[in-house]
Amino acid sequence: MKVLVLILFLIFPSSSWAEQVKPKDTVSNHVNIREQPSSDSNKVGELEPDKMLPYVKSVPRWHEVKVNDNQLGYVSKRWTEVIEDPLDLAAGSNFAVHFLDVGTGDSAIIDMGDREIIIDGGNSIRVLNAYAEKTGIIDGDIELVVVTHGDTDHWKGLTRLMGFDGTVDEPKKVQEFWDAGYNRNCNPATQGGRVNYLKFIENVKSVVPEGKFLRPLEEHHTPADVSGNPETFTVSTLPGVTFTLLHSNANPTTGSCSYKVNNASIVLKVEIDDVKFLFTGDANGKKRNESGNGTPDHVEKKLLALEEAHQGTLKVDILKVPHHGSETASTQSFIDKVDPTYAIISASTSHHLPKTTVFNRYVNGQRIILSTDETHAN
């Protein structure tokens, strides 16, 4: 019996990352980041001993560093040093993205040599863990796990990988965890319901380092569709990876229960070496019986308003198609603005997904569409 399939393995050449600035080994507390190269100027942050910032240039007595996309700062040369990133991805010269066949569900692994990001875990407790064991893809800890929302087909597969079912001798440790934070109220007594989901969340919280359990995610990074500004940010353990949180909602208020669960979905733009991905969870864009050419609603409406204000925000190279190709998402307006080179559909033939009407909206004669269902698989 087929246990798992590697559906997509994309490899992109990687260029060298910029040099980094870190506190010297003698620093036990932190180094102040100043607005200007002067100890009398305003303090704009702190550089802790286990953190690094991108190096920009040298000025007398100070290193200029990139605090975030919108701000530069200065740290004293007395307390800091410039180094080549010891986790340099360029040493491996590649990164790879694996979209696993988990039926109707999502699970993707971004592999950067000795660092990994997992976005969703699928519905089967076996597939993700079996794939990790077979390939040896996960080296040491998993730097980041993202569960886009509380539906079972997005988190259940992580339970065995992280050792929660008691069958794995050496479960994988997770350094940082993100979740939308909506506790879902559908079918609370069922295997896929609220009770088991909250138990999973409780288990995750018990093993993730303090301060790295980011749930609800919006309390730590404001979604761009709320702030109106698509700000990028980074994670210290994943140098060279840039994130933009476009949507995450811990308290969706419109629609039926199932719509609320899906509208909580984290919508995350990830950029590695100029390659842009958009992971969408099950974010909705319309009612199931409405035309794809109609006016977008729900999450897609918010994303398109953001695109209108900041053109190019949604444009990516690779799109994980929303909600498995269901007719609750993928309005034509959304597809046109994202305009992906690759559209990845994680779906199951037995669940009659993706819908042919949705699949056809992605077809433009040039786009590469890859799907895990048997009918539409390339």
- Message: Would Ser227 and Asn229 count as a side-chain hydrogen bond (donor to acceptor under 3.5 Å, both in side chains) here? Give the steps.
- Response: CA-CA 5 Å; Ser227 69; Asn229 186 17; 5.8 Å; no
If you measure from [atom1] on [X] to [atom2] on [Y], what distance do you get to the nearest 0.5 Å?
{"X": "Glu64", "Y": "Ser58", "atom1": "CD", "atom2": "OG", "value": "10.0 Å"}
{"X": "His220", "Y": "Phe233", "atom1": "NE2", "atom2": "CZ", "value": "11.0 Å"}
{"X": "Ser371", "Y": "Asp101", "atom1": "OG", "atom2": "CG", "value": "9.0 Å"}
{"X": "Asn183", "Y": "Leu198", "atom1": "CG", "atom2": "CG", "value": "4.5 Å"}
{"X": "Ile138", "Y": "Lys173", "atom1": "CD1", "atom2": "NZ", "value": "14.0 Å"}
{"X": "Asp153", "Y": "Asp282", "atom1": "CG", "atom2": "CG", "value": "6.0 Å"}

Using modelled atom types only, decide if a donor and an acceptor are shared between the side chain of [X] and the backbone of [Y] within a distance under 3.5 Å.
{"X": "Thr80", "Y": "Val21", "value": "no"}
{"X": "Glu116", "Y": "Glu143", "value": "no"}
{"X": "Ser265", "Y": "Gly281", "value": "no"}
{"X": "Trp178", "Y": "Val145", "value": "no"}
{"X": "Thr159", "Y": "Phe164", "value": "no"}
{"X": "His324", "Y": "Ser346", "value": "yes"}
{"X": "Asn284", "Y": "Lys286", "value": "no"}

Would you say the side chain of [Y] lies within less than 4.5 Å of the side chain of [X], judging by non-hydrogen atoms?
{"X": "Ile201", "Y": "Arg215", "value": "yes"}
{"X": "Leu314", "Y": "Leu303", "value": "yes"}
{"X": "Leu158", "Y": "Val147", "value": "yes"}
{"X": "Pro252", "Y": "His298", "value": "no"}
{"X": "Val275", "Y": "Phe277", "value": "yes"}
{"X": "Thr372", "Y": "Ile345", "value": "no"}

- Message: Is there a side-chain hydrogen bond (donor to acceptor under 3.5 Å, both in side chains) between Arg34 and Ser39? Walk through the geometry before answering.
- Response: CA-CA 7 Å; Arg34 299 291 180 179; Ser39 56; over 6 Å; no
Could you tell me which non-hydrogen atom of [X] sits nearest to which non-hydrogen atom of [Y], and how far apart they are?
{"X": "Val67", "Y": "Gly73", "answer": "CG2-N, 3.7 Å"}
{"X": "Ser330", "Y": "Pro322", "answer": "OG-CD, 3.6 Å"}
{"X": "Met162", "Y": "Val174", "answer": "CE-CG2, 3.6 Å"}
{"X": "His323", "Y": "Ala329", "answer": "CB-CB, 4.4 Å"}

[X] atom [atom1], over 12 foreign heavy atoms within 6.0 Å:
{"X": "Lys287", "atom1": "NZ", "result": "no"}
{"X": "Lys301", "atom1": "NZ", "result": "no"}
{"X": "Lys337", "atom1": "NZ", "result": "no"}
{"X": "Lys43", "atom1": "NZ", "result": "yes"}
{"X": "Arg61", "atom1": "CZ", "result": "no"}

- Message: Once salt bridge (charged side-chain N to carboxylate O under 4.0 Å, His left out) is applied, what residue pairs with a partner in residues 302-316 remain, sequence neighbours excluded?
- Response: none
- Item | side-chain hydrogen bond (donor to acceptor under 3.5 Å, both in side chains) assessment of Gln366 paired with Asn364 | CA-CA 6 Å; Gln366 299 176 334; Asn364 67 353; 4.7 Å; no
Hey, is [X] close enough to [Y] for a salt bridge, meaning N to O under 4.0 Å?
{"X": "Lys172", "Y": "Asp141", "value": "no"}
{"X": "Asp339", "Y": "Arg367", "value": "yes"}
{"X": "Lys22", "Y": "Asp25", "value": "yes"}
{"X": "Glu327", "Y": "Arg361", "value": "yes"}
{"X": "Lys51", "Y": "Glu48", "value": "no"}

- Would His98 and Tyr131 satisfy ring-ring contact (aromatic ring centres under 6.0 Å, His included), going step by step from the backbone distance to the final call? CA-CA 10 Å; His98 305 238; Tyr131 187 74; 5.8 Å; yes
- Message: Holding to salt bridge (charged side-chain N to carboxylate O under 4.0 Å, His left out), I want the full list of residues that pass it with Asp120, two or more places apart in sequence or in another chain.
- Response: none
- Qualifying residue, where the test is salt bridge (charged side-chain N to carboxylate O under 4.0 Å, His left out) with Asp165 and the options are Lys156, Arg160, Arg126: Arg160
- Message: Working note: Ile266 + Val146, criterion side-chain contact (heavy atoms from CB on, under 4.5 Å); need CA distance, chi angles, decisive distance, verdict.
- Response: CA-CA 9 Å; Ile266 291 171; Val146 180; 4.0 Å; yes
- How would you list, by chain and number, every residue that makes a side chain to side chain contact (heavy atoms under 4.5 Å, CB included) with Pro230, sequence neighbours excluded? Ala224, Thr244, Leu306, His310, Thr313
- Task: Output, in order, the C-alpha distance, side-chain angles, deciding distance and verdict of side-chain hydrogen bond (donor to acceptor under 3.5 Å, both in side chains) for Asn249 and His247.
- Result: CA-CA 7 Å; Asn249 192 347; His247 175 81; 4.9 Å; no
